[in-house]
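Only heavy atoms go into these numbers, but all of them, side chains included; no hydrogens, no water, no symmetry mates. The residues of the chain are indexed from 1 along the displayed sequence.
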Amino acid sequence: MSAVGPASIVHPRASSPRAGIRRQWWRMRPSLGSEQLALLASLYFAAVFNTPFFSAVIDSGGLRGADGWVTGVALFVAIAALHFVLLGLLFTRWTAKPVLIALLLSGALALHFMRDYTVYFDTDMIRNILHTDPDEAGELVTSSLLPEWLLLGVLPSLLVWRVHLRRRPWRRAALIRAGSLALALLVAIAAILGSFQSVSSLMRNHRELRHLITPGNYLVSLLRVAGDGHGRRQGPKTPVGVQAKVVGRPAGAKPRLLVLVVGETVRAQNWGLNGYARDTTPALRRIDPVNFGDVTACGSNTEVSLPCMFSNIGRADYDKARIEGSESLLNVLDHAGIATRWYDNQSGCKGVCDGVAYRALAHFDDPVLCDGDRCLDGVLARGLDEALADTDTGLDQVVVLHMLGNHGPAYHKRYPRDARAYAPDCTSEDLARCSREQIVNAYDNAIRYTDSVLAGLIARLQADDGHDSALIYLSDHGESLGEDGVYLHGLPYAIAPRTQTRVPMLMWFSPGLAGSRGLDVACMRERARRPASHDNLFSSVLGLMQVATPEYRPELDLFRGCVAPAG
């Protein structure tokens, strides 16, 4: 009798025909060359990831007329061919699958935000993404994002992972690669030349459309940002106002305290003091500050606007490298002997406060104002209280309070639930789940909370008798709430709507400061009826605080003509 060893034992279910079919299917792996994989991926990119681009082309009128379909085909072929060239340069036997999977996963995310929020992936947007803190990023991960990402990003990635890439002798592989890249370039050129007049006119008149061509858009922008060190200059900044000094200060006057409140994502159109249909600023209306009704922001996002508004360069002569490589208004004040501090309930000062006292309050331990993830802007009163209590030095002070404001899409998290004035409000980070009425209600509730915070700060200054004080509030940029299908902010400045570039600004002065400075408040109210911009902030603060420096530009000083001249 023969012995039967363990290897001879066969499980009954393992030998079933169905199990065998399953094993054969799993072992089946499509075999492709790198060029074939690149071609399939390029066609997928053009057909799926570039739907926002083609929608924008249609909306621009670029496909109208008898030859519109020719232009559409030419654009599709050119986009596919150029992405084939891009992939051909990135692909090797070892990099092809990892690179393509990364592009599929990131491209599906880009598609979601381009289509649902009209995001353009230019260099400023990439900088915003790179400098976004985890809390802000987490609010953009919504329930509608996951299914789309799984379907359009993860599933194709699994298919790519199963592909077997064929090996070739290196000389043959090099010849095939060079020939395919050359052919793809010729195809792209032929497609563009075949409809050159229409394509060139479209891209010349709507240059922003190139920021929708995916994934080339964010890859090119990412390379540009990487080339300039993530948009931030490294090393010492160029000194500004090193010889600044306070002049004409009345003898025996109280120390001055200027509170600069930097708002976030508050647009002028929904600001009650600007004549909005809703009274979203009832507390400030009772205080009656000087309100500027026509103010233009330097940018459509924080990454641009914040450094710009504290710079002596500004929007009129905008130069990103110079602005971020130079000291800011706060450094000039510090050179003049004015104590400066920055209290932050946001994601940082974007380099503006380098070299001055800084304190982050976004995760302050306050059971009423903070939930462990974020703090409401009421926490900024802690910073003001510290400044008011510091009377030992007798120095003038400038305190910056950086708000979380109306940062979206989670507008409902910017105000306490018991402070809700407009209902029903959108209580989801996924704006697609809410009606436009609900979104606007949540946004307006957040403005009303900003109104109460500002009124509370002014009340603290009114109760203080140790300083001559003033408060200036100015938002960094606005927000789109679904107008023309656009949400959030950050569109390229050239095409950004007024909802993203018009912001509220107000000023309040204590009687002591108005008296010691010789300030005519009625004159300021008259000045507030005329247009202003972020470019006015730098020189206006220097003028109010009587700081003499060559960088001061009197034509940009909003107080000029309304205050007593410096002695």
Side-chain angles (χ1 to χ4, degrees), residues 232-251 253 255-260 262 292 295-299 304-342 349-357 395-400 468 470 472 474 505 507 513 516-519 523-524 527 530-567:
R232 299 276 173 83
R233 171 176 166 171
Q234 305 300 314
K237 293 188 173 185
T238 302
V240 176
V242 291
Q243 298 178 336
K245 60 182 180 180
V246 177
V247 298
R249 188 80 162 75
R256 290 174 181 164
L257 171 60
L258 171 61
V259 180
L260 283 176
V262 179
F292 288 74
V295 181
T296 304
C298 185
V304 171
S305 280
L306 199 60
C308 182
M309 66 197 291
F310 281 88
S311 167
N312 64 317
I313 298 171
R315 184 76 212 179
D317 302 304
Y318 185 78
D319 185 321
K320 175 185 173 297
R322 284 182 59 206
I323 289 174
E324 296 186 350
S326 302
E327 290 184 335
S328 74
L329 168 64
L330 302 184
N331 301 110
V332 178
L333 296 169
D334 186 61
H335 295 324
I338 297 174
T340 58
R341 315 180 192 199
W342 184 290
C349 68
K350 313 301 181 187
V352 171
C353 61
D354 290 355
V356 303
L395 294 175
D396 289 351
Q397 297 184 66
V398 172
V399 175
V400 183
D468 290 336
I472 298 176
L474 177 60
M505 180 170 73
M507 300 178 179
L513 185 133
S516 67
R517 191 64 186 86
L519 176 64
C523 174
M524 287 301 301
R527 175 62 185 86
R530 303 198 299 273
S533 75
H534 278 174
D535 287 5
N536 293 109
L537 183 66
F538 185 94
S539 292
S540 296
V541 169
L542 295 180
L544 181 65
M545 301 300 288
Q546 294 181 276
V547 175
T549 179
E551 290 77 13
Y552 168 76
R553 296 171 61 182
E555 70 274 14
L556 294 179
D557 182 358
L558 295 172
F559 298 100
R560 188 187 183 197
C562 294
V563 294

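At least one side-chain heavy atom of Leu260 sits under 4.5 Å from a side-chain heavy atom of Phe310. The side-chain heavy atoms of Leu544 and Leu513, taken from C-beta on, include a pair separated by under 4.5 Å. You'll find the side chain of Arg553 stays beyond 4.5 Å of the side chain of Phe538, heavy atoms only. Counting heavy atoms from C-beta outward, Met545 and Phe559 have side chains that stay 4.5 Å or more apart.
With rounding to the nearest 0.5 angstrom, the CG atom of Leu558 is 5.0 Å from the CE atom of Met507. The distance from the CZ atom of Arg341 to the CG atom of Asp334 is 12.0 Å, given to the nearest 0.5 Å. Taken to the nearest 0.5 Å, the CG atom of Leu519 stands 6.5 Å off from the CE atom of Met524. Between atom CZ of residue Arg322 and atom CG of residue Asn312 there is a gap of 7.0 Å, rounded to the nearest 0.5 Å. The distance from the OG atom of Ser539 to the CG atom of Leu542 is 6.0 Å, given to the nearest 0.5 Å. Asn331 contributes atom CG, which lies 9.0 Å from atom SG of Cys353 (distance to the nearest 0.5 angstrom).
Listed here is the closest heavy atom pair of Val246 and Ala336: CG2-O, 3.9 Å. The two atoms that bring Leu556 and Asp535 nearest to each other are CD1-O, 3.7 Å, heavy atoms only. Between Arg315 and Cys298, the closest heavy-atom pair is NH1-O, 2.8 Å. Considering all non-hydrogen atoms of both residues, Ala532 and Phe292 come closest at CB-CD2, 4.3 Å. In terms of heavy-atom proximity, Gly314 sits nearest to Cys308 at C-SG, 3.5 Å. The heavy-atom pair separating Val547 from Ile338 by the smallest distance is CG2-CD1, 3.7 Å.
Of the possible polar contacts, none joining the Ser311 side chain to the Pro307 backbone as a donor-acceptor pair under 3.5 Å is found. Between the side chain of Lys237 and the backbone N or O of Asp354 there is no donor-acceptor pair closer than 3.5 Å. Judged by distance alone, the side chain of Ser328 and the main-chain N or O of Val352 form a donor-acceptor pair under 3.5 Å. Looking at Gln397, its side chain never comes within 3.5 Å of a backbone N or O of Ala339 through a donor-acceptor pair.
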Determine whether Val295 and Asn536 satisfy the following criterion, side chain to side chain contact (heavy atoms under 4.5 Å, CB included), listing intermediate values before the conclusion. CA-CA 10 Å; Val295 181; Asn536 293 109; over 6 Å; no

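Residues Arg249 and Asp396 are paired through a salt bridge, judged by an N-O separation under 4.0 Å between the basic side chain and the carboxylate.
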